[in-house]
Amino acid sequence: MDRTPLTRDFFDRPVLDVAPDLLGRVLVRTTEEGPIELRLTEVEAYAGEIDPGSHAFRGLTPRNSVMFGPPGHAYVYFTYGMWHCLNLVCGPEGMASGVLLRAGEIEVGADVARTRRFSARHDRELAKGPARLATALDVDRALNGADVIAAPSGPSGPLSVLHGTPPPRDQVRSGPRTGVGGDGAHHPWRFWIDGDRTVSPYRAHVPRRRRPS
DNA sequence: CTCGCGATGCCCT
DNA sequence: GGGCATCGCGAGG
């Protein structure tokens, strides 16, 4: 496995080039309890201000400001009152595009991840879904804006991405994004590794009705 | 394995 | 005040 860190230039490309190219890459999370390494198996592209599904669609806000910054940084948001999700900012500064990390296989530190993901029945469920992935890697808003480009000698900060072993191109599949409705629903901007058991199940967008009071 | 539903708090209109 | 880039649980096949 190639443990060379990905460079800034890797992320400074159009999001639809970066997103599928992240499959098979290795995310390294350094925690006090030890390292966790995750091989990415499922991602989604969010194309900045032109994309109705993107948090950046309505322009710069306090929450999404990291997306408007330079590539190669973590954008972490809080959702459904309980969960965090982790994105990697890509494209040139100002494009506000990013890749949501949806699922992966934990290759190192499954025991550490399990201390937070104790309800997972199999190891392959530890990071099967974006909020599970963030929980397993102990990612919260404290890491919002963190630089994920490691020094050439290896990971130094809390989060970094290594080259890993990308799958053959014919094993990369694409389809509609999970849980995205409206005008952004039909874009096939979700990418995953065909047949991988850690990929999360597809769920179509469901508009919610207000609970009777 | 699938489906249905409630939890929960922050963001933005 | 509506909606959310979700998850875990319980019931049923």
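Proteins get letters first, then strands, A, B, ... in listed order; numbering begins at 1 in each.
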Novice: Kindly confirm whether the side-chain ring of A/Tyr80 is stacked on the base of B/dT8, judged by centres under 5.5 Å and planes under 30°.
Specialist: no
Novice: Can you list every side chain to side chain donor-acceptor pair (under 3.5 Å) pair that touches residues 53-70 of chain A, not counting sequence neighbours?
Specialist: A/His55-A/Tyr75, A/Thr61-A/Asn64
Novice: Under 4.0 Å between a side-chain N/O of A/His55 and OP1 or OP2 of C/dA5, yes or no?
Specialist: yes
Novice: Round to a whole Å and report the spacing from CE of A/Met67 to P of B/dC12.
Specialist: 12 Å
Novice: What's the closest nucleotide to the side chain of A/His205 if the choices are C/dC4, C/dT6, C/dA5?
Specialist: C/dC4
Novice: Once side chain to side chain contact (heavy atoms under 4.5 Å, CB included) is applied, do any residues pair with A/Asp194, and if so which ones, sequence neighbours excluded?
Specialist: A/Arg173
Novice: Would you indicate which nucleotide in C/dA5, B/dC12, B/dC11 comes nearest to any side-chain atom of A/Arg141?
Specialist: B/dC11
Novice: So A/Glu37 and A/Leu27, do their side chains get closer than 4.5 Å, heavy atoms only?
Specialist: no
Novice: Counting only side-chain nitrogens and oxygens, does A/Arg132 get under 4.0 Å of the OP1 or OP2 atom of C/dG8?
Specialist: yes
Novice: Within the structure provided, determine whether A/Glu105 and A/Leu38 are in side-chain contact (heavy-atom separation under 4.5 Å).
Specialist: no
Novice: Verify the contact: side-chain N or O of A/Arg102 to OP1 or OP2 of C/dT6, cut-off strictly under 4.0 Å; return yes or no.
Specialist: yes
Novice: Measure CG/A/Leu126 against C1'/C/dT6 and give the value in whole Å, please.
Specialist: 17 Å
Novice: Taking CG from A/Asn64 and P from B/dC10, how many angstroms apart are they, rounded to a whole number?
Specialist: 18 Å
Novice: DNA chain C: A/Lys128 or A/Phe78, which has the more 5' nearest nucleotide?
Specialist: A/Phe78
Novice: Any side-chain N or O of A/Thr79 less than 4.0 Å from the OP1 or OP2 oxygen of C/dC4?
Specialist: no
Novice: Across the strands shown, which category fits A/Gly53 at heavy-atom distances under 4.0 angstrom: base, sugar-phosphate, nothing?
Specialist: base
Novice: Would you mind classifying the nucleic acid contact of A/Arg177 as base, sugar-phosphate or nothing, using non-hydrogen atoms under 4.0 angstrom?
Specialist: nothing
Novice: Would you please name every residue forming a ring pair (Phe, Tyr, Trp, His ring centres under 6.0 Å) with A/Phe57, sequence neighbours left out?
Specialist: none
Novice: Which pairs of donor and acceptor atoms, one on a side chain in residues 10-20 of chain A, lie under 3.5 Å apart (sequence neighbours left out)?
Specialist:
unit_1  : atom_1 : unit_2  : atom_2 : d
A/Arg13 : NE     : A/Phe10 : O      : 2.9
A/Arg13 : NH2    : A/Phe10 : O      : 3.3
A/Arg13 : NH2    : A/Asp21 : OD2    : 2.8

Novice: Where the side chain of A/Leu100 is concerned, which of C/dC4, C/dA5, C/dC7 is the nearest nucleotide?
Specialist: C/dA5
Novice: Among B/dA7, B/dC1, B/dC12, find the nucleotide with the atom closest to the side chain of A/Arg63.
Specialist: B/dC12
Novice: For A/Tyr46, does the six-membered ring have the charged nitrogen or CZ of A/Arg177 within the cation-pi criterion, i.e. under 6.0 angstrom from the centroid and within 45° of the normal?
Specialist: yes
Novice: Round to a whole Å and report the spacing from CZ of A/Arg203 to C1' of C/dC4.
Specialist: 16 Å
Novice: What's the CZ-P distance between A/Phe57 and C/dG3, to the nearest Å?
Specialist: 17 Å
Novice: Quickly work out the A/His84 NE2 to C/dC4 C1' distance and round it to whole Å.
Specialist: 15 Å
Novice: Output all residues satisfying ring pair (Phe, Tyr, Trp, His ring centres under 6.0 Å) with A/Trp192, sequence neighbours left out; order by chain, then residue number.
Specialist: none
Novice: Whole Å only: how far is the OH atom of A/Tyr202 from the P atom of B/dC3?
Specialist: 13 Å
Novice: Reckon A/Arg117 touches a base, only the sugar-phosphate, or nothing at all at heavy-atom distances under 4.0 Å?
Specialist: sugar-phosphate
Novice: To the nearest angstrom, how far is A/Arg58 atom CZ from C/dA5 atom C1'?
Specialist: 14 Å
Novice: DNA chain B: stems of at least 3 consecutive Watson-Crick or G-U pairs, cut-off 3.5 Å?
Specialist: B:1-7 with C:6-12, B:9-12 with C:1-4
